[in-house]
Protein chains: 4
Amino acid sequence: MIEVALFGAGRIGSIHAANLVRQPGVRLKYVADVNRAAAVELAVKHRAEVRTADAIFAEEAITAIVIASSTDTHADLVQRGAAAGKAIFCEKPLDLDLVRARTCAQAVGKAGVVCMIGFQRRFDPTFAALKARLAAGEIGEPEMLVVTSRDPGAPSIEYLGTSGGIFKDMLIHDFDIFRWILDDEALTLFATGSCLTDPAIASVGDIDSTAVTIRTRRGRIAQINTSRRAAYGYDQRFEVLGSKGMLQAGNHKPTEVFAHNAVNVSQDKPEHFFLERYRDAYANEMAHFFDALANGKPLQTTIHDGVKALELADAATHSWRERRAIEL
Amino acid sequence: MIEVALFGAGRIGSIHAANLVRQPGVRLKYVADVNRAAAVELAVKHRAEVRTADAIFAEEAITAIVIASSTDTHADLVQRGAAAGKAIFCEKPLDLDLVRARTCAQAVGKAGVVCMIGFQRRFDPTFAALKARLAAGEIGEPEMLVVTSRDPGAPSIEYLGTSGGIFKDMLIHDFDIFRWILDDEALTLFATGSCLTDPAIASVGDIDSTAVTIRTRRGRIAQINTSRRAAYGYDQRFEVLGSKGMLQAGNHKPTEVFAHNAVNVSQDKPEHFFLERYRDAYANEMAHFFDALANGKPLQTTIHDGVKALELADAATHSWRERRAIEL
Amino acid sequence: MIEVALFGAGRIGSIHAANLVRQPGVRLKYVADVNRAAAVELAVKHRAEVRTADAIFAEEAITAIVIASSTDTHADLVQRGAAAGKAIFCEKPLDLDLVRARTCAQAVGKAGVVCMIGFQRRFDPTFAALKARLAAGEIGEPEMLVVTSRDPGAPSIEYLGTSGGIFKDMLIHDFDIFRWILDDEALTLFATGSCLTDPAIASVGDIDSTAVTIRTRRGRIAQINTSRRAAYGYDQRFEVLGSKGMLQAGNHKPTEVFAHNAVNVSQDKPEHFFLERYRDAYANEMAHFFDALANGKPLQTTIHDGVKALELADAATHSWRERRAIEL
Amino acid sequence: MIEVALFGAGRIGSIHAANLVRQPGVRLKYVADVNRAAAVELAVKHRAEVRTADAIFAEEAITAIVIASSTDTHADLVQRGAAAGKAIFCEKPLDLDLVRARTCAQAVGKAGVVCMIGFQRRFDPTFAALKARLAAGEIGEPEMLVVTSRDPGAPSIEYLGTSGGIFKDMLIHDFDIFRWILDDEALTLFATGSCLTDPAIASVGDIDSTAVTIRTRRGRIAQINTSRRAAYGYDQRFEVLGSKGMLQAGNHKPTEVFAHNAVNVSQDKPEHFFLERYRDAYANEMAHFFDALANGKPLQTTIHDGVKALELADAATHSWRERRAIEL
């Protein structure tokens with residue numbers, strides 16, 4: 001039995017809790033949150049108890065922690081978890097500061113613990129199937145990747161002001177998709193963007209529409225386009241051109257109803273947002289984490305992936321601000 | 001707390017068990033099965049106990065029963081459940097014999113208990129969304145229904161020999177879809193069919209490919225085509241032509257990966273079979289049953305629907321054998 | 001140089017004229033029509049001359065005739081053309097009367113002339129590609145055919161009153177598709193239908209919505225559903241289930257624009273009607289006719305096909321009126 | 001009657017010839033080509049005559065010229081045509097040298113003649129419908145454009161050596177699409193690329209895979225990705241994100257056949273190459289040119305568009321070579 005403590009009883013913490021209690025041989029023992037009421041509610045729901053971080057790190061029976069608290073707490077919790085010898089699952093991003101993230105990764109490396117970063121998209125059924133087919137050689141050598149990543153709407157301006165900017169907050173996932181799908185690292189990166197959907201976003205120094213181009217060590221090319229607002233919902237697509245063909249990952253939709261009328265032929269718009277689209281992905285990543293722990297299998301994402309994605313987000317932020325291509 | 005007894009610990013019984021234990025305010029208390037080992041295993045899994053039918057019907061605390069045992073036991077269990085005042089969920093078909101099914105329905109009526117028949121397709125997200133849009137008038141008055149219903153492969157010949165024939169075993173669902181979608185009753189029915197996929201099916205007096213045409217009281221028209229074998233998997237589609245347009249229910253597929261190569265552009269074939277395609281439908285129907293019980297809401301399918309679908313299956317069998325249209 | 005006379009300068013005659021003048025080695029020499037003004041206009045447009053039928057049949061230089069005049073003139077013109085030794089292209093239907101159609105076919109047979117019936121759908125790029133792939137064995141043995149055939153709207157009641165009824169006027173094409181695709185003949189046929197879109201149609205003894213089921217000599221099954229009105233345009237689809245898979249022929253649409261908005265994801269509805277959808281088919285059938293004439297190739301449709309389709313339309317009319325299955 | 005001279009009797013010249021002779025009130029009078037045999041063949045086909053450029057420019061009856069000769073002759077012919085007061089249709093690109101193209105445009109401006117550049121994609125039914133819907137405000141304000149433009153295979157290395165490079169030879173069309181769709185001009189442009197499909201392409205100093213990002217004066221963003229090789233054929237798509245939704249232009253395919261089998265569900269790959277995909281576009285642009293001439297309507301593309309697209313191609317070439325973003 002793997003006994004687990006969960007940090008963070010908010011929206012994403014609740015999702016992780018519900019998924020982890022379904023894993024065979026896994027028990028949610030403790031929940032910690034600065035919002036004690038939220039911690040209690042979630043703990044009660046899953047027959048767990050509320051504990052402080054100190055108590056959690058001190059208890060040897062806890063062999064794994066799941067970090068779903070606010071971003072500014074991630075690095076500290078990862079380092080404490082590493083020091084205490086816990087297996088760690090940490091939500092993205094590791095940290096908004098690249099230096100601190102690297103320090104964190106060193107601590108994890110020294111401690112010799114495992115640390116999975118919650119890049120859940122790798123566990124989406126469509127994305128994972130595409131990756132498997134690409135790896136099996138179905139379209140030969142990959143040459144070009146085009147990623148479209150658009151949210152249905154922007155978060156609050158308050159949140160945006162502390163988010164680290166769109167590249168670290170939103171594109172961090174797309175940078176991970178890029179590294180994972182092309183199995184390659186960036187050599188040159190160019191980013192640009194605009195504030196087109198809401199001037200309030202510009203007022204906190206951020207943008208809402210971006211375009212990033214990456215050329216890799218092997219000469220492969222990736223383009224990422226993102227927006228904080230797509231009127232039609234959550235748009236999560238990518239396509240890979242290879243020497244023998246192309247693989248595309250399309251959006252998921254709620255039903256397969258098609259309507260014909262005097263105007264047009266229509267179908268459902270994509271699932272609304274990440275909680276709907278990535279419901280399976282969140283379940284799959286938690287299953288993967290505990291399966292890897294229980295059976296000594298390698299993790300599909302590690303703290304290294306967290307650092308590398310942040311490096312790209314950092315470079316993109318510089319590129320956008322300085323209006324120049326960045327060599328990595 | 002609604003305390004429930006489950007009859008049948010086979011494949012479909014296990015699915016119902018897993019779904020019902022997730023309902024708030026519902027507890028699986030007993031499992032009964034002629035195969036005691038299966039009953040024990042399922043009971044242990046869900047912290048229930050094994051009991052005989054006699055014990056179950058005698059226990060007042062049990063207010064609802066779920067019947068997922070073999071078809072030949074359905075009518076008897078429904079009648080005993082009705083006599084004991086239990087709320088009943090019964091898998092389709094109610095019985096292979098129309099007279100017996102009607103007797104059963106009378107017993108339920110007299111006892112004043114609720115009895116839902118497991119026509120799970122009505123709870124499929126795609127089918128339910130189509131029905132709701134149709135009911136909202138999106139395509140005006142319905143005029144024509146075309147149902148395509150094909151299995152990936154036939155069951156064993158042993159099973160087929162006791163199945164009651166393709167119309168009662170397989171099309172029973174399609175007849176229910178017909179009644180539900182058009183909200184109308186059959187006036188004339190013509191059925192024909194052939195044995196095209198395996199001569200062994202003919203050897204037990206059955207066919208594997210059928211075509212049924214129904215004209216309703218309001219003059220609406222329905223066509224149903226079925227096959228025991230579709231090389232590409234489980235094909236579950238229908239479309240309704242209305243005065244203002246058409247609504248189609250398409251197949252579900254495992255992923256949204258699209259592949260382009262030198263030959264063609266392809267996507268996943270449909271989900272393999274009913275366990276995959278109707279996973280959500282099975283969960284939704286169980287949620288509906290217990291929600292209706294708990295909150296005094298009307299059931300979306302009743303024993304009447306079970307009888308009416310069987311009437312159509314019976315008429316279709318006669319039409320096919322006698323090569324003539326049947327007036328209902 | 002093949003010199004041709006065209007009977008009929010109406011809508012379909014104009015289409016045939018425009019297509020035939022583009023064939024290499026073919027010259028439109030004469031146009032005949034009871035509406036002399038129409039004949040003159042069409043003749044002038046293509047540098048042809050207006051002639052009477054008598055003059056045309058008397059002129060030996062005319063080796064081929066294209067009959068696109070009103071249905072009631074077809075049989076007579078075919079017989080006169082046969083007697084005069086002309087190669088004949090005749091629009092469908094050959095005649096509304098089965099006996100007369102058979103007499104016509106005998107005359108053609110005796111005269112030893114070729115006579116192609118204008119079942120243009122066989123020459124539609126989508127339908128022809130499907131047929132070729134089926135013939136190449138891509139889905140094994142065909143087992144079941146489902147044909148959906150719906151017009152955007154009904155013709156005038158005046159026309160309907162002389163049309164011979166929906167089975168001869170509209171389904172004649174679908175019956176030909178059935179024979180062509182399954183390469184088989186009907187054994188049993190059941191037809192039903194209703195008047196659902198306009199009571200005026202019933203007032204001339206006709207219906208607007210039909211369902212036909214055919215079982216063939218080899219036990220194959222076909223279902224045809226038709227309507228005089230589809231709010232979304234011309235719906236021309238069919239699908240063939242075979243032992244190894246399924247081939248579907250979908251509708252054509254004007255453009256490949258897809259729109260995503262806050263309501264749904266939509267695309268163009270199908271091309272409006274037969275003039276748009278079968279533009280290529282009309283061109284291809286004319287090319288085929290003259291290519292066959294010039295190079296001594298066999299015609300893909302003959303007067304025999306015209307008779308057989310009419311037999312099915314006749315049987316369907318009887319089946320519908322007499323509410324019984326017809327053995328052929 | 002507009003009398004026309006055509007320069008260039010090659011592949012594209014033949015297409016223009018076939019399209020222009022179909023325009024009412026237009027007559028192809030002369031054909032000129034350095035390959036006299038080709039000129040004669042094309043002239044004979046359309047009942048035109050072969051003439052030298054000198055003779056053509058000297059003949060007043062010729063009021064319009066169509067330039068479809070090799071790229072290096074365009075500028076000279078445009079300037080001579082302008083000097084002679086002819087209306088000009090010129091294939092893209094105007095010239096490979098930006099200075100010369102601008103000189104050319106000045107000459108045209110001074111002469112006051114019309115000069116349409118053959119950006120035929122604007123006349124593609126799908127692209128034109130999308131543009132019209134965008135202009136009608138269907139998706140609000142455009143924010144982002146993603147263009148995918150891939151050829152089925154590269155031209156000969158000999159050709160590539162004189163092509164001016166991929167940005168001028170291939171992306172010139174995509175740059176025009178960008179300007180036309182967003183109705184905006186570039187402010188910043190970044191281009192990168194690789195030679196991934198054939199080292200011979202690198203040997204002539206060119207690349208085969210490119211990614212271009214443009215930020216416009218209004219802050220809109222465009223991404224273009226291209227490849228000289230797509231195993232699945234000619235890939236010509238773009239999509240526009242707007243404040244109220246998205247419009248996508250998809251590929252065209254030869255037929256609407258869909259196949260289901262034990263492996264997948266497939267449809268036709270896109271039409272092979274530009275001659276197939278843009279058949280209608282070539283016809284439409286010629287119709288537009290002569291309609292504009294005959295009826296004094298404004299041309300939808302002018303020599304200004306030719307210069308602007310070349311400016312972007314030039315900037316992209318610099319950006320790629322110098323690995324930096326270019327301010328325009």
Side-chain angles (χ1 to χ4, degrees), chain A residues 18 21-22 24 45 123-140 144 146 181 234-271 276-277 279-281 284, chain B residues 18 21-22 24 45 123-140 144 146 181 234-271 276-277 279-281 284:
Chain A
V21 298
R22 273 196 253 149
K45 184 170 180 184
F123 299 90
D124 173 73
T126 291
F127 292 179
L130 188 155
K131 170 69 179 178
R133 292 168 67 168
L134 180 64
E138 185 173 322
I139 57 163
M144 204 174 294
V146 179
I181 288 295
Y234 196 40
D235 194 349
Q236 297 282 292
R237 291 172 290 148
F238 64 79
E239 62 182 54
V240 194
L241 175 68
S243 52
K244 296 180 185 167
M246 172 169 62
L247 287 168
Q248 296 175 305
N251 284 315
H252 291 192
K253 53 188 191 294
T255 79
E256 293 292 334
V257 176
F258 293 77
H260 289 57
N261 61 31
V263 178
N264 57 32
V265 176
S266 64
Q267 53 187 292
D268 287 359
K269 55 184 183 167
E271 289 190 316
E276 292 82 14
R277 165 57 191 269
R279 183 183 295 116
D280 287 346
N284 294 343
Chain B
V21 298
R22 273 196 252 149
K45 184 170 179 184
F123 299 90
D124 173 73
T126 290
F127 292 179
L130 188 155
K131 169 70 180 176
R133 292 168 67 169
L134 181 63
E138 184 173 323
I139 58 164
M144 203 175 293
V146 178
I181 288 296
Y234 197 40
D235 194 349
Q236 298 281 293
R237 292 172 289 149
F238 63 80
E239 62 182 53
V240 195
L241 175 68
S243 52
K244 296 180 185 167
M246 172 170 62
L247 288 168
Q248 296 175 304
N251 284 315
H252 291 191
K253 52 187 192 294
T255 80
E256 293 291 334
V257 176
F258 293 78
H260 289 57
N261 63 30
V263 178
N264 58 32
V265 176
S266 64
Q267 54 185 292
D268 286 359
K269 55 185 184 167
E271 290 191 316
E276 292 83 14
R277 166 58 192 267
R279 183 183 294 116
D280 287 346
N284 293 344

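By convention in this document, chain letters (A, B, ...) are assigned in the order of the sequence lines, proteins followed by strands, and residues within each chain are numbered from 1.
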Undergrad: Which region of B/E239, side chain (C-beta onward) or backbone (N, CA, C, O), has a non-hydrogen atom less than 4.5 Å from a non-hydrogen atom of chain A, or is it both or neither?
TA: neither
Undergrad: Taking non-hydrogen atoms and a cut-off under 4.5 angstrom, which of residues 263-271 of chain B neighbour chain A?
TA: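 B/D268, listed by number.
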Undergrad: At what distance, to the nearest 0.5 angstrom, does CD of A/E138 lie from CG of B/N261?
TA: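 Reported value, rounded in 0.5 Å steps: 7.0 Å.
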Undergrad: Please state whether the side chain, the backbone, both or neither of B/R133 comes within less than 4.5 Å of a heavy atom of chain A.
TA: side chain
Undergrad: Counting only heavy atoms not in B/K253 (residues, nucleotides, ligands), do more than 12 fall under 6.0 Å from its NZ?
TA: yes
Undergrad: Compare every heavy atom of A/T126 with every heavy atom of B/V257, then report the nearest pair and how far apart it is.
TA: CG2-O, 3.3 Å
Undergrad: How many angstroms lie between atom CZ of B/R237 and atom CZ of A/F258, to the nearest 0.5 angstrom?
TA: 11.0 Å
Undergrad: At a heavy-atom distance under 4.5 Å, which candidate from A/A262, A/G242, A/G250 has the highest pair count against chain B?
TA: A/G250
Undergrad: Roughly how far apart are B/Q236 CD and A/E256 CD, rounded to 0.5 Å?
TA: 13.5 Å
Undergrad: Using a cut-off of under 4.5 Å for heavy-atom pairs, which of A/D124, A/L241, A/V240, A/N251 has the most such pairs with chain B?
TA: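 The residue among A/D124, A/L241, A/V240, A/N251 with the greatest pair count is A/N251.
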Undergrad: What is the minimum heavy-atom distance between A/T255 and B/A129, and which atoms define it?
TA: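 In terms of heavy atoms, the two residues are closest at CG2-CB, 3.9 Å.
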